[in-house]
J.: 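My structure is below; once you've seen it, I'll send some questions.
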There are 2 protein chains.
Amino acid sequence: MANQSPHLDQIFAALADPTRRAIVMRLCAGEASVGELAGPFDMALPSFMKHIHVLETSGLVQSEKSGRVRTCRLSADALVGAEDWFQQQRAIWEARLDRFEAYVMKLKKEKERAGAKRPSRTSKRKGS
Amino acid sequence: MANQSPHLDQIFAALADPTRRAIVMRLCAGEASVGELAGPFDMALPSFMKHIHVLETSGLVQSEKSGRVRTCRLSADALVGAEDWFQQQRAIWEARLDRFEAYVMKLKKEKERAGAKRPSRTSKRKGS
DNA sequence: TGATTGGTTAGCCATGAAGCTAACTATACA
DNA sequence: TGTATAGTTAGCTTCATGGCTAACCAATCA
């Protein structure tokens with residue numbers, strides 16, 4: 001119940017917006033200036049800058065200004081961190097499924113054995 | 001620029017909240033009633049129910065009422081869908097890194113060749 | 001049947017997110 | 001030096017989110 005990384009909050013919140021996911025996808029293909037990034041979007045620049053800022057505070061994106069141009073690049077660590085979360089959940093989930101399956105198998109075998117007993121009290125069937 | 005699944009919006013938005021992530025984590029370990037889920041949280045039930053509802057509309061959780069008890073379970077599909085998104089991004093990202101690395105190696109080799117020429121005009125060093 | 005339990009509905013409030021315009025700063029180019 | 005370019009800041013609106021209380025069903029159980 002502890003381990004509540006405040007970072008995951010921000011990362012997932014950042015990725016909940018289609019504009020920001022598109023920015024991340026674009027940056028996966030390589031760094032770009034704010035202007036280049038903003039190009040495809042029908043949105044005023046200040047609004048767009050807010051998205052960049054959200055991505056930066058989440059740690060998904062880093063940027064650097066040189067001259068009058070700000071260049072953005074993806075920071076893979078944050079992405080990987082979020083991906084890890086899924087993998088952890090899946091591990092737990094799958095372990096449970098395995099246990100569940102084992103349990104079902106056990107039930108099935110018990111039933112089989114019980115079923116095998118009923119028709120003949122004298123002989124045990126060997127296998128399927 | 002198309003392919004903007006509205007579902008991812010809701011899934012990531014759902015996971016952006018620590019309470020809801022905790023619920024998902026809890027449900028990874030097996031289904032539970034609303035009351036059981038709510039237990040550990042210092043929150044009024046109606047507030048908690050909102051979280052459940054958000055999880056349901058995102059597709060991460062399914063629930064069913066029997067008698068006066070509502071039982072919730074995880075719906076793995078949605079989780080996997082979100083995980084896929086990360087894997088796709090990582091694939092693009094890694095492909096780019098590979099290309100970049102190849103490029104750096106090329107540069108390095110060119111430099112090496114140029115460097116090997118400088119010290120002696122008469123002999124080529126073989127290797128270290 | 002009456003009380004308890006488990007969940008639900010309705011409605012309120014405070015905060016934050018996402019968009020806009022207008023005006024401004026600072027670099028680069030002619 | 002003057003002008004265009006690339007971002008930035010400030011301030012506004014609107015809507016969604018996350019929390020609450022109070023009152024309300026509807027199963028169970030004594």
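Residue numbers start from 1 in every chain, and the chains themselves are labelled A, B, ... in the order their sequence lines are given, proteins ahead of strands.
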J.: How long is the span from the CG atom in B/Leu15 to the CG atom in A/Leu15, to the nearest 0.5 Å?
T.: 10.0 Å
J.: Has B/His51 got a side-chain N or O lying under 4.0 Å from the OP1 or OP2 atom of D/dT17?
T.: no
J.: Which whole-number value in Å describes the distance from B/Asp17 CG to D/dT17 C1'?
T.: 9 Å
J.: Would you say that B/Asp17 contacts A/Asp9 through its side chain, given a criterion of any heavy-atom pair below 4.5 Å between the two side chains?
T.: no
J.: Are A/Glu83 and B/Arg90 ion-paired here, with the side-chain N under 4.0 Å from a carboxylate O?
T.: yes
J.: Quick one: A/Phe48 CZ to D/dT8 C1', roughly how many Å, whole number?
T.: 15 Å
J.: Walking along DNA chain C from 5' to 3', note the first and the last nucleotide with an atom under 4.0 Å from a heavy atom of chain A, and give both.
T.: C/dA18 to C/dA28
J.: Assign the ring pair A/Phe86 / B/Phe86 to parallel, tilted or perpendicular, where the plane angle (0 to 90°) is split at 30° and 60°.
T.: tilted
J.: For A/Asp9 and D/dG18, what is the distance between atoms CG and P respectively, to the nearest whole Å?
T.: 10 Å
J.: By the definition side chain to side chain donor-acceptor pair (under 3.5 Å), identify the one residue from B/Glu56, B/Glu31, B/Arg73 that meets it with B/Ser63.
T.: B/Glu56
J.: In the structure I gave you, are the side-chain heavy atoms of A/Val34 and A/Leu45 within less than 4.5 Å of one another anywhere?
T.: yes
J.: With the side chain counted from C-beta on, respond yes when B/Gln89 and A/Arg21 share a heavy-atom pair under 4.5 Å apart, and no when they do not.
T.: no
J.: I need the A/Leu60 CG to A/Ile23 CD1 distance, nearest 0.5 Å.
T.: 11.0 Å
J.: What integer distance in Å separates B/Met49:CE from D/dT21:C1'?
T.: 17 Å
J.: Output the residues of residues 28-39 of chain A in contact with DNA chain D, where contact means a heavy atom of the residue under 4.0 Å from an atom of the strand; sort by number or write none.
T.: A/Ser33, A/Val34, A/Gly35
J.: Starting at atom NE2 of B/His53, determine the distance to atom P of D/dT17, rounded to an integer number of angstrom.
T.: 12 Å
J.: Is there a residue in residues 64-72 of chain A whose heavy atoms reach under 4.0 Å of DNA chain D, and which residues are they?
T.: A/Lys65, A/Arg68, A/Val69, A/Arg70
J.: Give the rounded distance in Å between these two atoms: CD of B/Gln10 and P of D/dA16.
T.: 13 Å
J.: Once you measure the plane-to-plane angle for B/Phe48 and B/Phe41, does it fall in the parallel (<30°), tilted (30-60°) or perpendicular (>60°) bin?
T.: tilted
J.: Just how far, in rounded Å, is P of D/dC12 from NZ of A/Lys50?
T.: 13 Å
J.: Hey, what do you get for OG (A/Ser58) to CG (A/Leu8), rounding to the nearest 0.5 Å?
T.: 10.5 Å
J.: Going by heavy atoms in the side chains, are B/Ser75 and B/Val61 under 4.5 Å from each other?
T.: no
